[in-house]
Amino acid sequence: MLLIRSSQLSKLIRARHISFLPNALIRGLQSSKSSCVSPAVLIGKPEKLQQPKQQRLSSRFTPCSAQMATAATDIEEIPEIQHEEHKLPPHPTGPQQKFRKDYAPPPYTISTVHLNFILGEETTTVTSRLHVLPNYGLLEEGAARPALQLDGRKDVKLVRVAVAGNELAAGQYMVTEKQLTLNNLPPGEFEVEVVTELRPQDNSTLEGLYKSSGNFCTQCEAEGFRGITFFLDRPDIMAKYTTRIEADEANYPVLLGNGNLKESGKLEGGRHYAVWEDPFPKPCYLFALVAGKLSMKERSFTTCSGREVALRIFVQENNLGKVDHALESLIKSMKWDEETFGLEYDLDLFNIVAVDDFNMGAMENKSLNIFNSRLVLASPETATDLDYSRIEGVVGHEYFHNWTGNRVTCRDWFQLTLKEGLTVFRDQEFTADMNSRAVKRIEDVMMLRSSQFTEDAGPMSHPIRPESYIKMDNFYTLTVYEKGAEVVRLYDTLLGKEGFRKGMDLYFKRHDGHAVTCDDFLAAMADANNVNLDTLGRWYSQAGTPNLHVSTLYDAASKTYTLTCKQNTPPSAGQDIKLPVLIPIKLGLLGPDGADVPLRLRGPDGSVTDLGTTGVLRFEEAESTFTFEGVEVEPVPSLLRGFSAPVKMHVEGQTDEQLLFLLAHDSDPFNRWEAGQRLARKLLLKLYAAAAAGGGADNAKDVGERCAAAGGVPDAFVGAYRAVLGDETLDGSFKAMAVSLPTGNELMDAIEGADPPLLHHVRMYVVKQLALQLRPELEALVAANDDKPGEPYHFTAAACAHRAIKNRCLAMLSSLEEPEITQMLLNRFKDATNMTDEIAALSCLVELAGPDRDVALASFYDKFKDEPLVLLKWLGLQATSNAPGNVALVKSLVDHPAFNVTNPNNCYSLFLGFGRSPVNFHAADGSGYAFMGDAVLRVDTINHQVAARMVSAFTTWRQYDKERQAMMRSQLERIVSHPGLSENVFEIASKSLK
Ligand code: BES
Ligand code: ZN
């Protein structure tokens with residue numbers, strides 16, 4: 001499963017989200033003082049150009065400067081510019097794997113990069129001047145200096161190359177589809193100048209330089225810079241960049257680059273230019289450029305040391321009214337990072353540009369973040385509470401990368417979790433601090449369990465620091481991101497906030513301005529706190545989710561309570577034997593009144609440590625025991641509070657009574673929720689087993705009968721839900737999550753040969769039984785949490801909580817499929833004044849078969865046909881629907897004018913959304929699989945990254961029944977053997993088949 005972090009219909013858009021995440025609690029927005037600016041000619045604070053003339057980039061290729069000419073050269077004089085097309089040899093054999101163990105420092109480094117972009121409608125010309133430094137150390141007598149091998153891409157046309165001021169003739173270099181090799185290089189430092197020609201308007205991969213909605217933009221992470229010019233495209237090459245951009249002024253009034261605007265001006269023929277200079281050395285994946293017709297909204301932030309930073313968001317003019325929330329989120333992020341980690345922004349300008357065509361969610365390019373427009377634009381009428389909260393989180397995430405990723409970056413791509421795991425942890429903490437910590441934690445764990453655990457148990461399982469890859473793009477995974485963030489959280493749990501901060505401080509002190517490794521991060525944490533973290537280090541190299549088994553023993557005579565903990569991690573591809581890892585077990589013990597009892601832990605030497613009422617046990621052996629003293633009565637253990645480690649925990653002998661007790665009393669809100677989930681999981685698995693034993697899945701009615709015969713939903717379970725719904729101390733967002741059943745995905749790992757539609761029907765049976773028995777409570781909550789008439793939308797924690805519980809109750813009620821409820825949903829859909837409520841009602845209606853569904857969908861389309869981001873929701877709702885026979889509808893949507901196959905968001909909504917429907921993607925006749933297989937092959941001709949995410953829908957094939965396994969497998973086989981398949985799709989499909 002690949003990662004796309006993202007928005008509403010996270011179930012659609014975010015491949016990581018198999019389940020729909022409930023709304024987060026969001027604190028209110030402060031009113032924003034903002035100023036609107038019409039399309040600016042040039043953006044930035046112009047400073048006088050101080051550069052000597054010969055160092056400036058010219059609009060055409062210029063012979064090398066005087067400075068370069070002084071470099072010694074052993075290359076012969078080279079003839080004048082040569083514009084011949086270079087014939088490329090055929091594609092080298094098959095895809096090549098890269099291994100972490102093969103890392104070697106590069107033989108050359110680059111200190112400065114001067115880029116000149118002449119943007120054109122037909123061709124764009126890029127001139128790149130590199131200052132190259134030898135890094136090969138002392139050579140043996142007579143040994144040749146190593147070659148300089150620059151990465152390239154087949155759509156990058158080499159126009160000319162010069163070394164130390166001398167243009168190379170055709171025979172003096174080697175160029176393939178992927179590489180430019182320079183030999184016979186001068187000793188010492190020298191300059192290399194490379195001129196390339198590009199056709200950004202034809203670049204549908206959305207990597208490198210491309211066009212979106214008529215504007216030029218770039219995406220270089222992970223290896224897109226080689227799609228612009230031949231370069232040492234690896235993150236340990238950190239250089240200072242100067243970028244000159246030249247374009248037609250009328251069509252591209254805004255020209256943006258990294259760093260500070262140094263110079264700008266008009267040129268002949270209606271053209272203009274801008275020169276940007278980034279004072280911070282950076283890897284090329286952080287390079288960015290934007291040129292287009294954009295409008296801008298600006299605010300200012302005063303940093304803790306009193307510097308003024310201009311914050312600007314650029315969007316298409318008609319979207320200018322939808323950027324306030326993102327701007328506000330940026331200000332909150334900047335303040336939070338100063339307060340939490342003492343990290344101040346380091347330039348006078350921070351730009352965000354929204355683009356419609358973007359493979360990922362957003363990108364942290366130095367001072368020029370580029371965002372998928374769905375993660376910037378929000379208005380009450382077009383964005384849900386979830387969109388608002390996601391925008392806040394992603395704006396924070398990309399901003400936080402300025403320190404964790406940009407100032408300190410990764411040595412190689414195997415270390416990706418160093419920046420992503422850490423930055424996800426930081427964005428999680430930011431959201432927790434801005435909103436509700438408990439709600440955020442539950443949301444994150446739901447996603448981890450329903451998606452990352454699945455990935456870690458399947459054929460794509462890999463450690464958070466992978467050992468090998470074919471395409472790095474395929475390793476922006478839930479494991480690297482979400483499990484990676486969990487591993488960072490382990491340090492935080494073990495060392496405490498203060499200890500974690502000490503570790504972070506030392507990490508920046510040691511590594512600012514460098515490209516480093518996960519081991520460096522661990523060492524900084526360990527050294528700053530003077531602790532040994534070797535067993536924590538194992539989390540970086542072992543794939544798979546560890547199992548934690550806990551058994552308990554109360555000894556009434558000695559009043560001691562003993563936990564015996566065992567751990568094991570299942571073998572995975574290439575890793576048969578796993579070592580024990582460090583598992584911090586945060587826990588409490590509940591006394592008979594439900595309150596926590598004091599924790600007095602007995603040490604091996606008999607000494608006793610007072611842990612208060614919530615303690616953290618350091619469990620790092622295959623098996624250990626922990627004994628607490630002075631426990632008056634046998635307690636109910638509350639283990640792994642706050643989900644203190646990403647493991648699957650089994651508590652031996654844990655009874656329903658204990659879980660009900662925890663659900664009612666645990667002081668840890670996460671574990672209250674968790675107790676409810678465990679109860680629901682037990683029940684669902686039991687009913688599924690009964691339903692599966694009773695026959696096929698086609699008849700949903702029968703499923704109900706079989707479940708009822710197996711005992712149905714017991715009163716105690718209904719009573720527990722009733723208690724949660726009626727608990728006035730609980731917040732609505734928490735309640736909404738507490739009465740949500742575990743996702744199908746999460747349950748699937750406990751079912752051998754699962755039948756996804758059957759599991760769906762069992763879940764729906766339970767929802768319906770709950771709705772039948774709790775109807776008065778649900779209706780009362782809907783009424784109590786409804787908007788007051790005329791109340792405007794506010795994105796505040798309280799307002800979101802009201803909507804969350806109200807819409808959860810409505811969804812449960814809609815499962816009754818009663819005419820008056822359906823009518824009420826239709827009315828709510830019609831009268832909704834914000835997108836959260838509107839889409840909530842529509843998503844209930846879409847699950848129903850019949851005319852109401854079609855009418856609602858048609859009216860929604862009509863209302864929002866000019867709002868592309870809302871149409872993504874419209875596509876996604878239909879795609880994910882479990883309404884019977886929906887495959888045909890989804891097929892027809894591919895030809896709908898609202899659908900654009902070249903736009904990633906469209907594909908994510910429609911295809912990934914469809915892949916998440918347990919009923920229709922997994923239709924027994926295989927029609928869903930065939931449709932997806934066709935779609936993968938079609939999209940692969942346009943955008944490999946998007947196609948690779950789509951093919952991930954098949955990787956879980958081993959979880960299902962024999963018939964489905966065979967059909968999914970045969971789609972994978974068809975895909976792998978397809979001529980001309982991309983490396984991206986090949987890697988996922990072939991690994992899935994292994
Ligand atoms: N650096 C990534 C974006 C990226 C990754 C772009 C790979 C291209 C290739 C960025 O910081 C990121 O992680 N974005 C996430 C959202 C984030 C909130 C987790 C994304 O785009 O999904
Ligand atoms: Zn990131």
- line: Rounded to the nearest 0.5 angstrom, the CD1-NZ distance for Ile839 and Lys873 is 6.0 Å
task: Name the orientation class of the two ring planes belonging to Tyr481 and Tyr476 (parallel below 30°, tilted from 30 to 60°, perpendicular beyond 60°).
output: tilted
Plane angle bin for Tyr793 and Tyr388 - parallel if under 30°, tilted between 30 and 60°, otherwise perpendicular: tilted
Main-chain N/O of Asp385 paired with Thr836 side-chain donor or acceptor, under 3.5 Å: yes
- prompt: Mind checking whether Asp337 and Arg426 have side chains closer than 4.5 Å, heavy atoms only?
  reply: yes
task: Evaluate side chain to side chain contact (heavy atoms under 4.5 Å, CB included) for Leu327 paired with Lys297, printing each intermediate quantity in order.
output: CA-CA 8 Å; Leu327 260 178; Lys297 201 158 184 183; 4.1 Å; yes
query: If you measure only the distance, is there a donor-acceptor pair under 3.5 Å linking the side chains of Asn827 and Gln823?
result: yes
query: Can any side-chain N or O of Trp673 pair as donor or acceptor with the backbone N or O of Leu663 at less than 3.5 Å?
result: no
- prompt: Between CE of Met434 and CD of Glu392, what distance do you get to the nearest 0.5 Å?
  reply: 7.0 Å
field: Glu867 side chain to Thr382 side chain, donor-acceptor N/O pair below 3.5 angstrom
entry: no
query: In terms of side-chain heavy atoms, does Asn920 have a donor or acceptor partner in Asn882 at a distance below 3.5 Å?
result: no
query: Which heavy-atom pair separates Leu813 from Ile821 by the least distance, and what is that distance?
result: O-CD1, 3.6 Å
field: Donor-acceptor pair between Ser450 and Asn745 side chains, under 3.5 angstrom
entry: no
field: Stepwise salt bridge (Lys or Arg N to Asp or Glu O under 4.0 Å) check, Lys332 with Glu328
entry: CA-CA 6 Å; Lys332 285 183 184 173; Glu328 189 71 39; 5.6 Å; no
- prompt: Just checking, is any N or O donor in the side chain of Asn903 or Asp356 under 3.5 Å from an acceptor N or O on the other one?
  reply: no
task: Tell me, please, which residues at least two apart from Asp862 pass salt bridge (charged side-chain N to carboxylate O under 4.0 Å, His left out).
output: Lys865
query: Does the side chain to side chain contact (heavy atoms under 4.5 Å, CB included) test come out yes or no for Arg853 and Leu889, once each step is laid out?
result: CA-CA 12 Å; Arg853 174 187 209 251; Leu889 171 74; 3.7 Å; yes
Side-chain donor-acceptor contact under 3.5 Å, Asn900 with Thr902: yes
Donor-acceptor under 3.5 Å (Gln677 side chain, Ser740 main chain): yes
task: Return yes if a side-chain donor-acceptor contact under 3.5 Å exists between Arg441 and Gln428, otherwise no.
output: no
- request: For side chain to side chain contact (heavy atoms under 4.5 Å, CB included), just list the numbers for Lys735 and Met737, CA-CA rounded to whole Å, side-chain angles, deciding distance to a tenth of an Å, and then say yes or no.
  value: CA-CA 5 Å; Lys735 274 188 200 179; Met737 290 186 302; over 6 Å; no
- prompt: Is the ring centre of Phe350 less than 6.0 Å from the ring centre of Phe301?
  reply: no
- prompt: Would a 4.5 Å heavy-atom cut-off, applied to side chains only, mark Met812 and Lys768 as touching?
  reply: no
From Glu791 atom CD to His794 atom NE2, the distance as rounded to the nearest 0.5 Å: 6.5 Å
query: Counting only N and O atoms by type, is there a donor-acceptor contact under 3.5 Å from the side chain of Ser843 to the main-chain atoms of Ala840?
result: yes
- request: Check whether any side-chain N or O of Asn886 sits under 3.5 Å from a backbone N or O of Gln878 as a donor-acceptor pair, and report yes or no.
  value: yes
message: How close do Val890 and Ala879 get, counting heavy atoms only, and between which atoms?
response: CG2-CA, 3.9 Å
- request: Could you walk me through whether Leu810 and Arg828 pass the side chain to side chain contact (heavy atoms under 4.5 Å, CB included) test, one step at a time?
  value: CA-CA 10 Å; Leu810 285 170; Arg828 287 184 173 273; 3.6 Å; yes
task: Answer yes or no: is there a donor N or O on one side and an acceptor on the other, between the side chain of Asn319 and the main chain of Val315, under 3.5 Å?
output: no
- prompt: Is there a donor in the side chain of Ser733 and an acceptor in the side chain of Arg803, or the other way round, less than 3.5 Å apart?
  reply: no
message: If you compare all heavy atoms of Thr880 against all heavy atoms of Ser917, which two are closest, and at what distance to 0.1 Å?
response: O-CB, 3.5 Å
message: Given 3.5 Å as the limit, does a donor-acceptor pair link the side chain of Arg763 with the main chain of Leu741, or not?
response: yes
query: How far does CG of Asn365 sit from CZ of Phe371, to the nearest 0.5 angstrom?
result: 10.0 Å
query: Should Lys440 and Glu429 be marked as a salt bridge (Lys or Arg N to Asp or Glu O under 4.0 Å) after you check the CA-CA gap, both sets of side-chain angles, and the distance that decides it?
result: CA-CA 9 Å; Lys440 174 63 178 161; Glu429 286 297 291; over 6 Å; no
query: Taking atom OG of Ser373 and atom CG of Leu869, what is their separation to the nearest 0.5 Å?
result: 4.5 Å
Polar contact flag, side-chain donor to acceptor under 3.5 angstrom, His397-Thr423: no
query: Does any non-hydrogen side-chain atom of Phe341 lie less than 4.5 Å from one of Phe400?
result: no
- prompt: Less than 4.5 Å apart, any side-chain heavy atom of Val254 and any of Val290?
  reply: no
query: After noting the C-alpha distance and the side-chain angles of Glu674 and Arg449, does the key distance pass the salt bridge (Lys or Arg N to Asp or Glu O under 4.0 Å) rule?
result: CA-CA 12 Å; Glu674 171 74 348; Arg449 280 189 177 148; 2.8 Å; yes
query: Closest approach of Phe899 and Cys907, non-hydrogen atoms and distance?
result: CE1-N, 4.2 Å
- prompt: Hey, does Val946 have a side-chain heavy atom less than 4.5 Å from the side chain of Tyr908?
  reply: yes
field: Side-chain donor/acceptor of Thr743 to backbone N/O of Glu746, under 3.5 Å
entry: yes
message: Once side-chain contact (heavy atoms from CB on, under 4.5 Å) is applied, do any residues pair with Ser814, and if so which ones, sequence neighbours excluded?
response: Leu825, Cys844
query: Do the non-hydrogen side-chain atoms of Asn372 and Val355 ever get within less than 4.5 Å of each other?
result: no
- request: Give the C-alpha distance, both sets of side-chain angles, the deciding distance and a yes or no for ring pair (Phe, Tyr, Trp, His ring centres under 6.0 Å) between Phe670 and Phe734.
  value: CA-CA 9 Å; Phe670 177 86; Phe734 179 87; 9.6 Å; no
message: Looking at Glu338 and Cys304, would you say the former's side chain and the latter's main chain have a donor-acceptor pair under 3.5 Å?
response: yes
message: Testing the 3.5 Å rule here: is there a donor-acceptor pair between the side chains of Ser909 and Asn906?
response: no
- request: Find out whether Gln219 and Leu206 are in side-chain contact, i.e. whether some heavy atom of one side chain is under 4.5 Å from a heavy atom of the other.
  value: no
field: Side-chain touch Leu730/Arg672, heavy atoms, less than 4.5 angstrom
entry: yes
task: Taking the six-membered ring for Trp and the single ring otherwise, decide whether the centroids of Tyr399 and Phe430 are under 6.0 Å apart.
output: no
field: Straight-line distance of Glu847 CD to Ser881 OG, nearest 0.5 Å
entry: 4.0 Å
- prompt: For Met446, which of Leu448, Ile442, Asp444 qualifies under side-chain contact (heavy atoms from CB on, under 4.5 Å)?
  reply: Ile442
